[in-house]
Amino acid sequence: MTSDTVVLRRVTDADALGAAEVWLRSYKAALPTVQCAHDGDEVRTWFSDVLVPKYET
């Protein structure tokens, strides 16, 4: 594998908080004037407790 190789895989429980951070930063960058309906802790909890364990991600 080279440094420019991209590997796609399913997210694991260990990835949930990192994925939530990417989502939160992306939301803020894409929609800077729109207030998210949920705060960062709620989003992180949802990623950890619902999205990652219950859905294919």
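Just so you know, these numbers use all the heavy atoms, side chains as well, and skip hydrogens, waters and symmetry mates. Computed from a predicted structure; not experimentally measured.
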**OP:** Answer with yes or no whether the hydrophobic clustering places Val43 together with Tyr55; edges join I, L, V, M, F, W, Y residues whose side-chain heavy atoms lie under 4.5 Å apart.
**Re:** yes
Original post:
If you look only at pairs with a residue in residues 44-57, which of them pass as a salt bridge (Lys or Arg N to Asp or Glu O under 4.0 Å), with sequence neighbours excluded?
Top reply: Arg10-Glu56, Glu21-Arg44, Asp41-Arg44
Subject >> Test log, rule side-chain contact (heavy atoms from CB on, under 4.5 Å), inputs Val11 and Phe47 >> reply: CA-CA 11 Å; Val11 68; Phe47 265 75; over 6 Å; no
Original post:
Can you get from Val22 to Val52 by hopping between Ile, Leu, Val, Met, Phe, Trp and Tyr side chains that sit under 4.5 Å apart?
Top reply: no
**OP:** Please answer: with hydrophobic residues joined when any side-chain heavy atoms are less than 4.5 Å apart, are Leu31 and Trp46 in the same cluster?
**Re:** yes
Original post:
Leu24, Val50: one ILVMFWY side-chain cluster at the under-4.5 Å cut-off?
Top reply: yes
Subject >> Check: Cys36 and Trp23 side chains under 4.5 Å, non-hydrogen atoms >> reply: yes
Subject >> With Thr45 via side chain to side chain donor-acceptor pair (under 3.5 Å) - residues at least two apart >> reply: none
Original post:
Taking only residues two or more places apart in sequence or in another chain, which ones pass side chain to side chain contact (heavy atoms under 4.5 Å, CB included) with Arg9?
Top reply: Thr12, Asp15
